[in-house]
Amino acid sequence: MKARFPAVVAMHVVALLGLFLVALQQSAAAVPTNPDPWPRQMQITGGTLTVYQPQVDSWDGGFLKFRAAVAVKPSDGGQEVFGVIRASAHTLVDRTARMVSLFNFSLLQID
């Protein structure tokens with residue numbers, strides 16, 4: 001089970017980042033009460049996953065590399081474990097709408 005746990009966490013991190021990107025696209029039409037609510041939390045099997053605000057490592061206008069701190073808190077009261085994920089995505093910039101669309105995500109590293 002321990003060997004699968006990082007893979008499960010990685011899938012949840014990717015899902016949470018995907019949900020974040022969908023929320024960004026939808027927020028253009030509606031003004032939320034808190035426009036940038038970080039960190040993001042998600043309930044996962046056996047605990048809570050927290051993703052902290054991503055930081056851009058590089059972006060050339062077409063390809064983005066970023067990292068984000070993450071934490072997993074077991075629901076059984078165990079100690080919270082912190083780590084970092086590194087990911088990349090292609091970008092499509094719409095200057096008129098002032099929006100950037102991200103696609104072709106890749107999870108590069110989990111520490």
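Along the sequence shown, the residues carry numbers beginning at 1.
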In terms of the angle between their ring planes, are Phe63 and His90 parallel, tilted or perpendicular, with boundaries placed at 30° and 60°?
perpendicular

Rounding to 0.5 Å, atoms CD1 (Ile85) and CZ (Arg67) come to a distance of 11.5 Å

Could you give the distance from OG1 (Thr50) to CD1 (Ile44), rounded to the nearest 0.5 Å?
9.0 Å

Look only at the side chain of Gln55 and the backbone of Gln53, and say whether a donor-acceptor pair between them is shorter than 3.5 Å.
yes

Is the closest side-chain donor-acceptor distance between Gln43 and Thr48 under 3.5 Å?
yes

Sequence neighbours excluded, every pair satisfying side chain to side chain donor-acceptor pair (under 3.5 Å) that has a member inside residues 69-82
none

Nearest 0.5 Å, what's the CG-NZ distance between Leu108 and Lys65?
6.5 Å

For a 4.5 angstrom cut-off between non-hydrogen side-chain atoms, does Trp38 reach Pro54?
yes

Is there a path of hydrophobic side-chain contacts, each under 4.5 Å between heavy atoms of I, L, V, M, F, W or Y residues, that connects Val81 with Val51?
no

Test your reading of the model: is there a side-chain donor-acceptor pair from Thr91 to the backbone of Gly61, 3.5 Å cut-off?
yes

Taking the side chain as everything from C-beta on, heavy atoms only, tell me whether Tyr52 gets closer than 4.5 Å to Val70.
no

Heavy-atom closest contact (Gly62 atom, Asp60 atom, distance):
N-OD1, 2.8 Å

Assess the residue pair Val100 and Trp59 against the criterion (side chain to side chain contact (heavy atoms under 4.5 Å, CB included)); give the C-alpha distance rounded to whole Å, side-chain angles, the decisive distance to 0.1 Å, and a yes or no.
CA-CA 12 Å; Val100 177; Trp59 185 32; 3.8 Å; yes

Validation row: Leu64, Val56 side chains within 4.5 angstrom (heavy atoms):
yes

